[in-house]
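Scroll down for the structure; my scribbles are underneath it.
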Amino acid sequence: MLHFLLLSSLVGYSWSKTVTYDWHIRWRLAAPDDFARPIISINEMWPPPTIEANVGDTIIVDVYNELGNETTSIHFHGMHQNGTAATDGPVGVTQCGIAPGRSLQYRFVANPAGTHWWHSHGKAQYTDGLRGKMIIHDPVWEASLNVNSQIFLSVSDWWHQQAPFMVHDYLSPNNTNGFLPTPDSFLLNDGRAPPRFTLKRGERYLVRIVSFAGLVCGQFHIADHTLTVVAIDGVPVHPAVTDTIGICAGQSYDFIVVGNQYERAANYILKMTTDMLTGTIPSNQMRALIGSISLEDNASFSSKNRPHDYEGVSHVRSHLRSNWTAQGMLDDAILLPLDNEPLFKNVTHRINFRTNQVYYEGIGTRIGIGMQPYTEPRLPTLQSALTTGKLALDWTTYGPGVSPYVVRHNAVVEIYMENPQVWPHPMHLHGHSFQIAGRGLGSWDGDENSLYKTPARRNNIVIPPSGWFLIRFRADNPGVWFFHCHIDLHLVGGMGATIIEAPDVLQRQQRFPVQNLKACNADYRCSVGTCNCRLEKLSEEESNEQCNTIFNFVNPARYGALIQ
């Protein structure tokens with residue numbers, strides 16, 4: 001199996017090419033659920049384009065911000081950005097926002113392969129439509145699946161209110177309980193009209209499904225068909241059969257479906273779950289999308305190989321309705337990676353996180369996981385890591401507001417997190433695919449023998465309500481990597497932390513692009529130094545007082561589109 005994976009990697013890189021995109025980010029009107037509102041488009045196109053390349057290709061995306069009143073950025077979710085940390089995209093972590101009238105070029109190697117997505121990474125902006133699919137093909141792996149064709153799907157929740165207004169209301173001191181706005185609708189491929197598919201009997205289809213959601217999870221099911229999962233978040237796994245795929249914000253699944261030989265028609269359902277909602281629960285009709293599938297004969301399917309009861313079948317055996325409920329759900333933590341990588345042992349760096357929602361008088365409700373609720377710093381944390389020499393190894397250089405955790409090169413890092421809330425959270429790590437060492441309710445008892453011996457691997461894990469998880473990864477990718485909840489308003493409210501990985505090695509390997517420094521100057525920020533824009537060592541007290549935290553950070557509100 002290792003030989004197969006190495007061959008796959010070598011083949012992908014040996015035929016690498018450069019794939020270039022030229023994107024002008026603009027406002028336009030759209031009505032994905034028949035309610036017209038301003039959305040953010042690419043080159044006046046919405047839904048935005050899909051990035052598609054082979055593993056090992058160089059991807060270049062030239063971004064021009066023509067919004068007029070909002071900064072922006074692009075994050076390529078799932079890309080490890082080995083050697084190109086400055087291209088990762090989250091504002092305040094690896095770059096300043098691209099100011100209106102300015103441009104920025106993202107250039108990186110497509111790696112790893114799989115079903116991924118790209119999206120804005122600042123102030124919940126992707127919920128206004130700035131997001132799209134990103135498919136990185138591995139021709140050798142795909143050939144091994146023996147599929148006839150591929151289908152790309154996206155799942156997304158949708159609000160009629162624009163993101164800046166939702167951010168303002170969520171962060172307001174009046175929101176004492178940290179309640180979240182309920183989505184107005186649920187979308188498939190960014191629309192409410194489910195696409196109709198035609199499957200040929202006996203043929204194999206690779207379905208790639210990715211969630212653009214800013215809050216809720218979804219469940220995907222095809223009547224009278226089994227779904228064979230072959231990858232999660234771009235990590236190939238040993239095939240696992242399931243009835244229903246549960247997919248949460250930021251996650252992706254690849255599964256194979258075979259055209260049913262017993263039916264002439266079928267239907268499928270995508271349904272919004274409600275366990276993350278803090279407000280009114282929409283009706284079944286508004287939460288569900290039901291699409292149809294036509295089943296046709298192929299050249300090799302004739303009356304000779306039809307089942308005996310085929311002639312009498314003319315209708316869908318199971319007709320799905322909006323009140324459908326899932327009967328069997330896949331547990332992603334038990335999926336075995338195709339390379340059979342064993343659980344990392346001999347942990348050298350442990351980080352403890354805990355969901356911690358607090359109402360601060362006069363400030364509002366904030367939700368942290370580490371030192372403090374995450375607050376965007378004066379200059380991107382990556383620039384501090386690259387420009388402060390030996391001070392980059394001291395957490396005070398970055399300030400408690402970014403909840404910084406400095407780890408050494410090649411350390412085996414363990415993140416243990418507990419969630420005392422009654423709501424689950426999808427937690428995403430940039431720059432790595434991590435091992436799911438364990439997950440459960442209550443607290444982990446510390447028993448290593450209870451952990452998975454060959455753990456599942458992905459970049460986005462859901463922590464259960466009143467539960468915990470334990471993940472591990474090797475710090476072999478120097479950079480500054482965000483770890484955060486993918487409920488986008490929770491991230492705006494502070495549910496994130498920063499992993500500063502091997503900053504001493506990073507300084508020897510990488511340089512900060514001049515264009516990124518200019519972007520900071522255009523956005524009226526400093527571009528080098530510690531979190532207080534200086535080059536002197538900071539004491540813990542100075543770091544807390546002089547660097548951005550929720551207690552001293554003032555962010556002028558930016559309200560939505562230039563069109564109404």
Can you name the salt bridge (Lys or Arg N to Asp or Glu O under 4.0 Å) partners of [X], sequence neighbours left out?
| X | result |
| --- | --- |
| Arg321 | none |
| Asp190 | Arg131 |
| Glu418 | Arg354 |
| Arg192 | none |

Taking side-chain hydrogen bond (donor to acceptor under 3.5 Å, both in side chains) as the test, write out the residues that go with Asp233, two or more places apart.
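Residues passing side-chain hydrogen bond (donor to acceptor under 3.5 Å, both in side chains) with Asp233: Arg458.
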Thr198: side-chain hydrogen bond (donor to acceptor under 3.5 Å, both in side chains) partners, not counting sequence neighbours:
none
Sequence-distant partners of [X], side chain to side chain contact (heavy atoms under 4.5 Å, CB included), two or more places apart:
| X | value |
| --- | --- |
| Val229 | Ile232, Val237, Thr242, Ile245, Tyr253, Phe255, Leu330, Leu335 |
| Asp22 | His24, Asp62, Tyr64 |
| Asn177 | Phe179 |

Phe212: partners by ring-ring contact (aromatic ring centres under 6.0 Å, His included), with sequence neighbours left out
Trp117
Listing request: all salt bridge (charged side-chain N to carboxylate O under 4.0 Å, His left out) pairs with a residue in residues 146-162, at least two apart in sequence or in separate chains.
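Non-adjacent pairs meeting salt bridge (charged side-chain N to carboxylate O under 4.0 Å, His left out): zero.
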Looking at residues at least two apart in the chain, or sitting in another chain, which of them share a disulfide (SG to SG under 2.5 Å) with Cys248?
Cys217
